[in-house]
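This is a predicted model, so every value here is computed, not measured. Heavy atoms only: backbone and side chains are in, while hydrogens, waters and symmetry mates are out.
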Amino acid sequence: MIKNFIFDVDRTLIDSYKPELETLKEALFIVTKKTYSDEIMSKLTILTTDEFFKKLGIEKNSDTMNDINHYWGVLLQKRRIHLFDGIKQMLVSLKKKGFFWGIATSRTKEELNELDELLENIDLFDIVITSDKVNHPKPNPESINIIIDKFSLKREETIYIGDSQSDAIAAKNAFVYFGFANWENKNAISEYDYLFEQPEDIDKLYQASKKL
């Protein structure tokens, strides 16, 4: 029976993809005067923030990077990023049943703190591991392993739920189940242990596990 649930954040818990992509493209154009296609941006958004900008040839601590972050932050402040419909209800329902909840995300702590609606519900989670707390971000399984080791979780009772190939690889290398959150990134992954078409399907997983 699965008792331990660890979540990715973007496109899994929060509906961040479109607003963040659009505002980042705006900020990049303001600073660099370059336009990037949605296809290129989509391929890069599975990376950590540092890896993303490195691929674009932008140095981490450069003036260009600082300017991009400034304009991106200003633009994002005008667009509140929400939890997906059904996420809070699912979390509250299963939390009452005593399950373990964790987060392992490619966001840094600073980036996570920008998500007001997630922070309003952060106390539902037992631990949050951001990318600046690990030496090797996803797809390396370090963030998942830290959670498992800290709380002595059984891997055969643990599932990592995410939306990308990077998440799937991290789960596989951590020897835990992988659940594909298919409500945003439709049919992007073909290999998974569990497919969740909507957040309430995770509650159904508990009901199915309970019968085993």
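- Within the structure, the salt bridge (Lys or Arg N to Asp or Glu O under 4.0 Å) test picks out the following pairs touching residues 176-185 (sequence neighbours left out): Arg11-Glu184.
- A heavy-atom distance below 4.5 Å is found between the side chains of Ile148 and Arg155.
- Other residues, nucleotides and ligands contribute at most 12 non-hydrogen atoms within 6.0 Å of the OH atom of Tyr177.
- Counting non-hydrogen atoms of other residues, nucleotides and ligands closer than 6.0 Å to NZ of Lys95 gives a total above 12.
- Taking the centre of each ring, Phe196 and Trp183 stay at or above the 6.0 Å mark.
- Note on Leu76 and Val74: separate hydrophobic clusters, where clusters join Ile, Leu, Val, Met, Phe, Trp and Tyr whose side-chain heavy atoms are under 4.5 Å apart, directly or indirectly.
- In this structure, Ile159 is a member of the same hydrophobic cluster as Leu124, with clusters built from ILVMFWY side-chain heavy atoms closer than 4.5 Å.
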Worksheet item: Given Tyr192 and Phe178, is the ring pair (Phe, Tyr, Trp, His ring centres under 6.0 Å) satisfied, shown in steps?
Response: CA-CA 6 Å; Tyr192 43 77; Phe178 175 63; 7.5 Å; no
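- For the pair Thr130 (side chain) and Thr108 (backbone), a donor-acceptor distance under 3.5 Å is absent.
- Under the 3.5 Å distance criterion, with hydrogens and angles disregarded, a donor-acceptor pair is assigned to the side chains of Thr158 and Asn4.
- For the ring pair (Phe, Tyr, Trp, His ring centres under 6.0 Å) condition, no pair includes a residue of residues 104-125, sequence neighbours left out.
- Within 6.0 Å of CD in Glu110 there are 12 or fewer heavy atoms belonging to other residues, nucleotides or ligands.
- Residues Phe175 and Tyr194 do not share a hydrophobic cluster, defined by chaining ILVMFWY side chains whose heavy atoms lie under 4.5 Å apart.
- Taking both residues in full, the closest heavy atoms of Leu75 and Ala27 are given as CD1-N, 3.9 Å, listed atom of the first, atom of the second, then distance.
- Taking 4.5 Å as the limit, some side-chain heavy atom of Glu157 sits within range of a side-chain heavy atom of Lys3.
- Just one residue in the list Thr105, Ile87, Ile202 forms a side chain to side chain contact (heavy atoms under 4.5 Å, CB included) with Phe7, and that residue is Ile202.
- To the nearest 0.5 Å, atoms OG (Ser164) and CZ (Phe180) are separated by 9.0 Å.
- Using the six-membered ring where Trp is involved, Phe5 and Trp101 have ring planes that are tilted, between 30° and 60° apart.
- A salt bridge links Arg107 to Glu20: one of the charged nitrogens lies within less than 4.0 Å of a carboxylate oxygen.
- A 6.0 Å sphere centred on NZ of Lys133 holds more than 12 heavy atoms belonging to other residues, nucleotides or ligands.
- Annotation: ring-ring contact (aromatic ring centres under 6.0 Å, His included) contacts of Tyr71 (sequence neighbours excluded): none.
- A salt bridge (Lys or Arg N to Asp or Glu O under 4.0 Å) check over residues 59-75, counting only residues at least two apart or in different chains, returns the pairs Asp50-Lys60.
- Within the structure, ring pair (Phe, Tyr, Trp, His ring centres under 6.0 Å) pairs that include any residue of residues 133-152 comprise Phe100-Phe151 (at least two apart or interchain).
- Not counting sequence neighbours, the partners of Glu156 by the side-chain contact (heavy atoms from CB on, under 4.5 Å) test are Lys154.
- In this structure the side chain of Thr12 never reaches within 4.5 angstrom of the side chain of Val9, judged on heavy atoms.
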